[in-house]
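Below is one structure; the comments refer to it alone.
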Amino acid sequence: MKKVIETEGMCCKKCAERAEKKLLLANGVTGARANYKKGTILVESTLDDAELSAIVDGAGFKVLNVRARKGIFDR
């Protein structure tokens with residue numbers, strides 16, 4: 001499932017890379033792309049929201065929200 005993780009505390013490219021790396025090391029995560037300017041991480045994963053939040057918290061960022069990512073054809 002594709003999800004968007006909204007975070008607080010990512011201030012630079014290195015922060016975004018750290019969040020991506022931490023997520024990609026987890027079993028069940030097949031893709032992660034962080035945008036520090038927006039404070040979001042796009043994730044493709046079979047993990048539940050609590051597990052994703054724990055990983056991002058472990059990378060040093062506060063999770064504000066985890067929500068399903070809608071594509072342009074989803075309603």
Side-chain angles (χ1 to χ4, degrees):
M1 172 176 253
K2 295 179 181 180
K3 297 184 179 188
V4 177
I5 303 171
E6 297 173 3
T7 66
E8 189 175 88
M10 275 195 296
C11 59
C12 65
K13 185 178 177 183
K14 289 286 186 192
C15 289
E17 290 172 357
R18 185 173 75 231
E20 289 173 1
K21 183 176 180 181
K22 197 79 156 163
L23 283 162
L24 290 170
L25 289 173
N27 288 332
V29 176
T30 56
R33 180 65 141 201
N35 183 325
Y36 71 91
K37 291 178 182 177
K38 292 182 179 180
T40 59
I41 308 168
L42 305 178
V43 180
E44 189 157 346
S45 173
T46 57
L47 301 178
D48 66 26
D49 295 354
E51 291 171 307
L52 291 171
S53 292
I55 294 167
V56 175
D57 284 339
F61 308 106
K62 181 179 178 183
V63 175
L64 303 175
N65 187 29
V66 180
R67 59 182 165 81
R69 180 178 169 203
K70 302 259 184 193
I72 60 171
F73 298 109
D74 296 336
R75 291 184 186 233

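What's counted below: heavy atoms across the whole structure, side chains too, no hydrogens, waters or symmetry copies.
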Under 3.5 Å, sequence neighbours excluded: what are the donor-acceptor pairs made by side chains of residues 42-61?
| unit_1 | atom_1 | unit_2 | atom_2 | d |
| --- | --- | --- | --- | --- |
| Ser45 | OG | Gly28 | O | 3.1 |
| Ser45 | OG | Leu47 | N | 2.8 |
| Thr46 | OG1 | Gly28 | O | 3.4 |
| Asp48 | OD1 | Ala50 | N | 3.2 |
| Asp48 | OD1 | Glu51 | N | 2.8 |
| Asp49 | OD1 | Lys3 | NZ | 2.6 |
| Glu51 | OE1 | Asp48 | N | 3.0 |
| Ser53 | OG | Asp49 | O | 3.0 |

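With a 4.5 Å cut-off between side-chain heavy atoms of Ile, Leu, Val, Met, Phe, Trp and Tyr, the cluster of Leu64 takes in none.
Note that CG of Leu24 is 10.5 Å distant from CZ of Arg33, once rounded to the nearest 0.5 Å.
Scored by the side chain to side chain contact (heavy atoms under 4.5 Å, CB included) test, Ala34 finds Met10, Ala16, Glu20, Ile41 as partners (sequence neighbours excluded).
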